[in-house]
Amino acid sequence: MSYVDEVFQMVVEKNPAQPEFHQAVKEVLESLRVVIEENEEAYRKDALLERLVTPERQLLFRVPWVDDKGQVQVNNAFRVQFNSAIGPYKGGLRLHPSVNLGIIKFLGFEQIFKNSLTGLPIGGGKGGSDFDPKGKSDREVMAFCQSFMTELSKYIGADTDVPAGDIGTGAREIGYMYGQYKRIKGVYEGVLTGKGLSYGGSLARTEATGYGLLYLTEEMLKCNGHDISGKTVVISGSGNVAIYACQKAQQLGAKVVTVSDSTGWIYDPEGIDVALLKEVKEVKRARLTEYAAARKSAQYHEGRGVWSVKCDVALPCATQNELLIDDAKALVANGCLAVAEGANMPTTIEATEYLQANGVLFAPGKAANAGGVATSALEMSQNSERLSWSFEEVDSKLKNIMVNIFHNLDEAARKYKMEGNYVAGANIAGFLKVADAMTAQGIV
Ligand code: NDP
């Protein structure tokens with residue numbers, strides 16, 4: 001059996017009931033096959049792949065907190081410190097009822113390659129809890145965040161592990177967590193990113209993932225003879241990534257006609273009204289039915305359906321495994337040119353392969369949504385030098401990083417004779433730097 005197949009089998013056997021983690025490892029290892037085979041003897045002797053797929057450290061802990069009725073609640077929480085070969089662990093904290101160890105491991109594993117692709121010195125990690133901030137009062141969210149950070153603070157630090165936001169963890173949650181960290185540790189350091197501007201946050205961090213997604217998509221289209229301007233775009237999700245993807249797409253002259261949330265979706269042929277969307281989602285924290293109620297041109301539909309709308313560009317920005325094989329078929333049938341993943345692993349392997357086989361340009365999340373973590377790393381730099389850069393400075397660095405990422409993965413794909421396969425290109429380019437650092441640092 002080949003080394004890649006052996007390691008994948010080991011991952012399945014040693015990590016039962018973690019299908020998302022298996023899926024992420026399979027996708028990466030499959031596209032690394034040619035690179036591994038070139039150097040199989042050395043990698044095998046050093047157990048490089050076994051070390052790569054095994055987290056350096058996994059923390060599992062309980063989070064007790066008291067709700068508004070005086071009842072004690074208990075949640076499960078996780079921090080997976082996956083790989084620190086090229087820098088301190090870096091990756092977000094997800095707060096969602098679906099969170100379990102397998103999901104955090106899939107996200108942490110992806111993060112290793114994404115962070116490597118940014119060209120910045122950050123290792124891979126991820127964390128979170130099955131706590132659901134939806135429907136909780138501010139006081140309940142604070143009680144949870146403080147209890148969560150009381151335990152997590154023992155394992156993180158500005159030079160060791162720097163968490164950030166993700167699904168369910170926005171500015172409010174980061175603020176409560178930062179306050180508790182500072183109170184426990186007594187130090188004012190850049191231990192979290194996504195902080196508010198008044199206490200060490202970076203301008204453009206809020207916009208970074210969505211903006212970065214569009215910078216990379218624009219470059220991918222341009223290098224394949226297309227212009228983003230004038231294109232019809234469908235977006236899923238209506239959270240942080242989706243909102244700013246929508247805003248930047250419009251700034252670049254595209255028309256965005258859909259957004260969604262976990263209960264339904266909006267079709268707005270006149271183009272999504274970003275100011276209204278922000279009001280509904282960021283201020284009122286309400287459902288998309290409120291958007292439809294406030295805008296004549298918008299139609300609200302229950303359930304899923306974004307991918308059935310005719311478009312040139314599709315940007316999945318909600319969650320994992322939200323673009324399935326039938327969705328891919330609908331996109332191809334409707335003449336879609338490009339799919340770029342704002343979310344982490346939103347497209348199943350089967351759907352990705354179908355899109356690629358049918359000539360759709362496909363940018364994987366670990367490249368396309370790397371703008372968030374790249375700007376987090378810029379926030380770390382600003383905290384270290386105790387300075388704040390202007391919005392324009394951060395945004396222009398972000399744009400450069402995204403354009404460079406696209407060219408790195410394009411070149412890696414060409415070098416290994418897989419021209420246009422940006423999934424392989426991203427995995428290969430991300431892997432080579434980490435593998436080199438791991439090899440140089442010996443068996444640790
Ligand atoms: P938010 O919590 O701000 O928004 C998530 C959006 O996706 C919401 O519209 C939510 O709907 C929807 N959603 C969440 N879970 C599901 C589900 N199971 N089914 C359908 N819809 C769902 O998160 P972000 O925008 O920050 O993150 C979105 C994706 O982007 C995630 O995959 C995240 O890991 C990834 N990402 C985020 C980065 C960031 O900087 N924020 C950086 C890189 C990647 P509802 O409101 O109804 O829950």
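Note that ligands are numbered from 1 as they come in the structure, with each ligand's atoms numbered from 1 the same way.
Looking at Glu379, its side chain does come within 3.5 Å of a backbone N or O of Gly194 through a donor-acceptor pair.
A heavy-atom separation below 4.0 Å is not found between Gly165 and ligand 1. The shell of residues lying under 4.0 angstrom from ligand 1, judged by heavy atoms, excludes Glu322. For the pair Lys134 and ligand 1, a heavy-atom separation below 4.0 Å is found. For the pair Arg287 and ligand 1, a heavy-atom separation below 4.0 Å is found.
Within the 4.0 Å heavy-atom criterion, the part of Cys317 lying near ligand 1 is the backbone and not the side chain. Contacts with ligand 1 closer than 4.0 Å are made by backbone heavy atoms (N, CA, C, O) of Ser260 only, the side chain lying farther away. Neither the backbone nor the side chain of Lys366 has a heavy atom within less than 4.0 Å of ligand 1.
Taking every non-hydrogen atom of Asn344 and a distance limit under 4.0 Å, the qualifying atoms of ligand 1 come out as 32 (O), 33 (C), 34 (O), 35 (C), 36 (N), 44 (C). Residue-ligand proximity, His96 to ligand 1, at heavy-atom distances under 4.0 Å covers atoms 15 (N). Of all atoms in ligand 1, listed by their number and element, those nearer than 4.0 Å to a heavy atom of Arg205 are 40 (O). Heavy-atom contacts of Arg94 reach the following atoms of ligand 1: 31 (C), 32 (O), 33 (C), 34 (O) (cutoff under 4.0 Å). When each atom of ligand 1 is checked for a heavy atom of Gly168 under 4.0 Å away, the hits are 2 (O). Which parts of ligand 1 touch Gly237 is read off a 4.0 Å heavy-atom cut-off, strictly below it: atoms 9 (O). Within ligand 1, counting atoms from 1 as listed, the ones closer than 4.0 Å to a heavy atom of Thr209 are 38 (C), 39 (C), 40 (O), 42 (C), 43 (C).
Remark: among candidates Asp166, Ile103, Asn240, the nearest residue to atom 34 (O) of ligand 1 is Asp166, based on non-hydrogen atoms. Considering each of Thr263, Asn321, Thr319, the one bringing a non-hydrogen atom nearest atom 14 (C) of ligand 1 is Thr319. Between Gly372, Ala318, Gly210, Ser376, it is Ala318 that holds the heavy atom closest to atom 29 (C) of ligand 1.
For Tyr267 and Tyr300, the gap between ring centers reaches or exceeds 6.0 Å.
Using a 30° and 60° split on the angle between ring planes, Phe131 and Phe144 fall in the parallel class, below 30°.
When only non-hydrogen protein atoms are considered, atom 4 (O) of ligand 1 lies nearest to Gly239 CA, 3.2 Å.
Exactly one residue among His301, Arg304, Glu302 makes a side chain to side chain contact (heavy atoms under 4.5 Å, CB included) with Trp265. That residue is His301.
At least one side-chain heavy atom of Tyr291 sits less than 4.5 Å from a side-chain heavy atom of Asp268.
Of the polar atoms of Gln320, none of the N or O atoms is found under 3.5 Å from an N or O of ligand 1, judged by distance alone.
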